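Working notes, structure below.
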Amino acid sequence: MKIARFSRVGFILAAAGSAVGLGNIWKFPYITGEYGGGAFVIIYLATVLLIGFSIMIAEMLIGYLGRKDGVSSFEDLAPKNKHLWKFAGFQGLAGLFIMIFYSVVIGWIFNYIVTSIYYLPSSVEEAETTFSTLLHSSVWTQLFYHTLAFIWITYVLTKGIKGGIEKMNFVLMPTLMIILLGMFFYATSLDAFPKAVEFMFFPDFSKIDSDAFVVAVGHAFFTLSLGMGAIMTYSASMEKNSNLVKNAFWVVLLDTSIAIVAGLMLFTFLYQYGSGPAKGPGLVFISLPAAFFEMGIVGNIFAVLFFIALAFAGLTSSVSLVEPMVQYFIDRYSWSRLRASISMGLFFYLVGIIALLSNIDGFKDILTWGDKSFFDWVDYVTAAIMLPLGGLAMAIFIGFVVEKQRVEAILKPQLGFAFEAWYFSLRYITPVAMFIVMLSLIGVL
Ligand code: PFF
């Protein structure tokens, strides 16, 4: 039985800590760059509001009602076919799989915090070489920082909900917000700021195709930490009589504002000192350091602070990616927290080493199947299959399986007249959207 519960603010910070991650500060700006700016941002915002927010409430509800690990919660709440529904709870596995590459990326960020103190690349070409050397040749450096990430994350998990996860979020989340806001305000004083605003908010719908829709829906899910049992597992430790709708609202608001603030700030720097909005995953590791170089010593300070904020965002998300499976072994197999945390930690750490090696020259060939390295496969399978499946399962479960009275009893007082609209969207809009996303990500559509 659970004893430790989040405080009210602790829950919001931890859930927002889960949501605000590499997705917000690393991925959101580069996919915005890739899909042409404003029009993509509008689709993304609409998806977050229409689909993300309603699934977030549903996921919180499952955890809040179930009060246990995801598998047990699904099993307990299903009125019949319990043995089948419990498999929906294994969406927590997706989080553990994501950690396989997430931890490697956090390792790169640690490395950039250290190197930015004394070195920034003087051109985009040089930055490209630096990043590519790290990725394709520097086994030991990557291994060292991947190990650090593993130790940090596992240590926090061994300390539990209150003494580990809540405590870390209480320190890291406000620090991250202060750093980002500070840099954002600096960016507003630069000449290029209006250009960044225009790029992010002026829609040019000619750049939008069906791909952009799919990417926007997929990203809305990823950035809000939905479909992987993270929010569900945290919600099992929510205080009694919590207002789920308010909590979900805060998490969505914090997550979205941080993505927008980070995007505006990064694009301003890239317009002012760099080559304009960069596309692709190299945005923060390649174009940005080269832009910081142009700022002189201030650039070094900004770079270090920026990568610290990015690392914090990644670490608070990481614990939430592993916690569902930790909780599973604690609740279902009576493992101690120490044993569960270390076992799950070792899993992502060791498999993460394979992912890391799959980018390294010399190992790449044996660790590449089809057009993707092992690293890319893990990213693809989690994002294209596991995540939409998790979302689909939750929408159907709350929309059709759990008795409506039970859902109403909790959510009607909180949602008021919007309850029916929410229920409708959960039953009909979300599952269809999830299905389309999945089919198109796996290439059927
Ligand atoms: N929301 C995180 C991000 O934007 O980076 C990633 C994530 C964390 C996804 C936890 C899913 C999850 F369960």
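Any value given below was found using the heavy atoms of this structure, including those in side chains, with hydrogens, waters and symmetry copies removed. The chain is numbered in sequence order, starting from 1. On a predicted model such as this, the values are computed, not experimentally measured, just so you know. When a ligand or atom number is given, it counts from 1 through the structure's own listing order.
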* To do: Consider every N or O of L22 and every N or O of ligand 1, then say whether any pair is closer than 3.5 Å.
  => yes

The atoms of ligand 1 lying under 4.0 Å from a heavy atom of S320, numbered in the order shown, are 10 (C)

min-distance protein heavy atom vs atom 4 (O) of ligand 1 -> A19 O, 3.1 Å

OG1 of T233 to NZ of K68, rounded to nearest 0.5 Å, is 13.5 Å

the protein heavy atom lying closest to atom 9 (C) of ligand 1 turns out to be F222 O, 3.4 Å

| Carboxylate-amine/guanidinium contact E323 R337, below 4.0 Å | yes

So the atoms of ligand 1 within less than 4.0 Å of a heavy atom of M228 turn out to be 9 (C), 11 (C), 12 (C), 13 (F)

Rounding to 0.5 Å, atoms CG (L264) and OG1 (T188) come to a distance of 10.0 Å

Ion pair R332/E75, N-O distance below 4.0 Å:
yes

Here the atoms of ligand 1 under 4.0 Å from any heavy atom belonging to N24 are 4 (O)

Rounding to 0.5 Å, atoms CE (M238) and CD1 (I231) come to a distance of 8.5 Å

Closest heavy-atom approach to atom 2 (C) of ligand 1 among G17, S18, G23, G314 is made by S18

Open item on the list: Could you tell me if the side chain of S343 sits less than 4.5 Å from the side chain of W335, heavy atoms only?
Closed with: yes

re atom 13 (F) of ligand 1, the protein heavy-atom contact at minimum distance is A230 CB, 3.0 Å

Nearest non-hydrogen contact to atom 8 (C) of ligand 1 from the set A16, A15, S225 belongs to S225

In terms of its nearest heavy atom to atom 5 (O) of ligand 1, the top option of F221, Y234, Y102 is Y102

min-distance protein heavy atom vs atom 12 (C) of ligand 1 -> L321 CD2, 3.3 Å

After noting the C-alpha distance and the side-chain angles of Y234 and F11, does the key distance pass the ring pair (Phe, Tyr, Trp, His ring centres under 6.0 Å) rule? CA-CA 7 Å; Y234 278 6; F11 175 80; 7.1 Å; no

**Request:** Side-chain contact test, heavy atoms from C-beta onward, threshold under 4.5 Å: evaluate it for F193 versus F184 and give yes or no.
**Result:** yes

Does the N or O separation between T223 and ligand 1 drop below 3.5 Å for any pair? yes

